2 protein chains.
Amino acid sequence: MRQASVQSVSNVDRIYQAVKEMAIGFRFKPGERLNEVELSKRLGASRTPLREALNRLGAEGFITFEGGKGFFCREFGPREIYELYQLRSVLEEAAVRLVCELASDAELDELDRFLVETGPDDGGRSNEALVALDEHFHETLMDLTRNAEMRRILRNVNARIKFFRWIDMERRRGETQDEHRMILAALRERNADLCAERMRRHIERRLDQITGAIKEGYSRIYLSGR
Amino acid sequence: MRQASVQSVSNVDRIYQAVKEMAIGFRFKPGERLNEVELSKRLGASRTPLREALNRLGAEGFITFEGGKGFFCREFGPREIYELYQLRSVLEEAAVRLVCELASDAELDELDRFLVETGPDDGGRSNEALVALDEHFHETLMDLTRNAEMRRILRNVNARIKFFRWIDMERRRGETQDEHRMILAALRERNADLCAERMRRHIERRLDQITGAIKEGYSRIYLSGR
DNA sequence: GCATATAACACTGTATACAATTTACACGGC
DNA sequence: GCCGTGTAAATTGTATACAGTGTTATATGC
């Protein structure tokens with residue numbers, strides 16, 4: 001074996017993370033077959049652990065699998081994006097209603113602190129950083145539901161739409177955080193209907209912007225190097 | 001290789017299905033480690049395809065995985081059941097609202113036909129059959145949302161709670177179908193709020209019954225043989 | 001008798017070899 | 001020129017071997 005186990009970060013996990021990030025960032029072209037030999041060489045491992053990672057990623061929807069053919073980069077059209085955003089909306093609207101009832105004032109304080117510390121945007125942040133902050137807000141909110149399953153699904157969905165969030169963030173840097181503050185304000189009022197409405201609109205607006213962005217700039221996505 | 005490919009049903013798929021059904025039916029004891037050598041022998045394959053199947057099942061939440069230790073039967077307490085039912089409730093409540101808007105009259109007719117043909121219960125059906133009908137109703141409803149992601153998640157959740165549905169069905173054979181009919185009636189009225197309310201109560205009642213059943217009969221689950 | 005160290009065992013993690021299948025390509029017929 | 005066919009190369013699917021790690025049983029000292 002290559003190296004002494006560096007505790008808790010197994011080889012498959014490393015490969016899994018690496019390929020996951022490639023899939024998230026669309027370093028593979030949609031529909032492209034993933035060559036196992038080449039990939040495993042590039043990642044410094046044999047095909048066995050690579051295939052285990054690919055099987056996990058397939059089960060999680062990051063890549064697809066066809067028996068006898070192998071693994072492929074997922075195809076992504078407006079339909080798939082819409083479905084994932086709809087799922088997000090359903091989950092987060094329900095989450096915010098639950099959090100309205102469940103969260104302690106202290107937990108909301110902490111969320112508030114996060115928004116204050118990380119905003120408003122002074123223009124000095126990278127898109128990656130802004131996307132990470134956006135994800136962090138939504139995932140922290142979901143954590144407050146205390147429902148591990150819902151958390152797991154939201155994280156999965158967020159990873160799969162990350163690229164499109166990134167595209168969106170390039171154009172609308174400011175709005176996101178304002179809307180987050182409005183959602184928190186509704187949470188403070190413990191007004192479930194208002195929370196849900198604001199969350200729904202928040203996600204809906206993002207989707208509208210992204211479908212727009214996709215239409216005009218889809219080609220840019222797959223340029224060389226990225 | 002063992003046999004000529006019988007078209008589209010690969011070996012890993014077969015193993016995957018077999019182990020999945022074992023996990024669903026709790027043929028493994030919670031927390032038990034799955035011995036790969038023994039399992040692979042029992043399924044007539046080597047460890048390689050078995051491990052691929054196990055990785056998929058782990059990613060889907062049917063079993064757990066611990067680096068360096070292997071795969072284990074999931075542990076299941078009231079908390080996990082509650083979370084899965086809450087997730088179900090969130091998904092299906094949203095689904096029924098969507099279906100209220102999206103479904104054609106013809107599609108609702110078909111759902112109606114299904115309910116008429118398969119009910120009311122004459123007492124001659126097995127629990128397995130009743131659970132299958134129950135699942136079928138809910139999954140067909142979810143199909144009408146035309147959202148493949150939400151469909152996928154509901155099917156996953158249903159598989160994971162199947163055993164508890166089965167326990168519940170043993171006691172309350174009749175109510176389920178009545179409630180299904182009431183939900184369909186609300187769909188026909190295109191009354192989204194009423195649909196959502198009935199669906200929410202429907203799932204909530206099931207959860208109440210199951211937590212009750214669990215308390216009094218948990219031990220019976222792990223008796224020999226089944 | 002109990003705790004601890006240690007050695008034997010069992011099991012997982014990974015590389016590799018080979019079989020089976022798919023894919024690419026060249027050739028020949030139409 | 002285009003389509004079908006056959007052959008070769010590439011690629012996936014699986015078995016197996018072995019290394020490394022975790023687990024358990026045994027023996028030893030207190």
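Remember, predicted model here, so these are calculated numbers, not experimental data.
For B:Glu38, the side chain to side chain contact (heavy atoms under 4.5 Å, CB included) criterion is met by B:Asn35, B:Arg42, not counting sequence neighbours.
Surrounding CD of B:Glu110 are at most 12 heavy atoms belonging to other residues, nucleotides or ligands under 6.0 Å away.
Less than 4.0 Å separates DNA chain D from at least one heavy atom of each of the following residues of residues 49-69 of chain A: A:Arg51, A:Phe65, A:Gly68, A:Lys69. For DNA chain D, the neighbouring residues in residues 35-42 of chain A, judged by any heavy atom under 4.0 Å, are A:Asn35, A:Glu36.
The nearest whole Å value for the distance from the CZ atom in B:Phe72 to the C1' atom in D:dG22 is 10 Å. The CG atom of B:Leu34 sits 13 Å away from the P atom of C:dC11 (whole-angstrom rounding). Whole-Å rounding puts the A:Asp13 CG to C:dT12 P distance at 17 Å. The CZ-C1' distance, from B:Arg33 to D:dT24, rounds to 11 Å in whole Å.
No engagement by B:Ile15 is indicated, since no non-hydrogen atom pair under 4.0 Å with the nucleic acid exists.
Nearest heavy-atom pair across A:Asn147 and B:Leu87 is ND2-N, 4.3 Å.
A distance-only check finds no donor-acceptor pair linking the side chain of B:Glu149 to the backbone of A:Leu84 [under 3.5 Å]. A distance-only check finds no donor-acceptor pair linking the side chain of B:Arg51 to the backbone of A:Thr48 [under 3.5 Å]. No donor-acceptor pair closer than 3.5 Å links the side chain of A:Arg165 to the backbone N or O of A:Glu135. Checked by atom type and distance alone, the side chain of A:Arg125 pairs as donor or acceptor with a backbone atom of A:Thr118 at under 3.5 Å.
Ring-centre distance between A:Phe76 and A:Phe163: not below the 6.0 Å cut-off.
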Polar-atom pairs under 3.5 Å, protein N or O versus N or O of nucleotides 16-18 of chain C: list them with distances, or write none.
residue	atom	partner	partner atom	Å
C:dT16	O4	A:Thr48	OG1	3.2

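Screening residues 81-108 of chain A for ring-ring contact (aromatic ring centres under 6.0 Å, His included) gives no qualifying pairs among residues at least two apart or on separate chains. Judged as a side-chain hydrogen bond (donor to acceptor under 3.5 Å, both in side chains), the pairs with a partner in residues 55-66 of chain A (not counting sequence neighbours) are, in order, A:Asp13-A:Arg56, A:Tyr16-A:Glu60, A:Asn55-B:Glu52, A:Asn55-B:Arg56, A:Arg56-B:Asn55.
Counting only N and O atoms by type, the side chains of A:Arg14 and A:Asn11 include a donor and acceptor under 3.5 Å apart.
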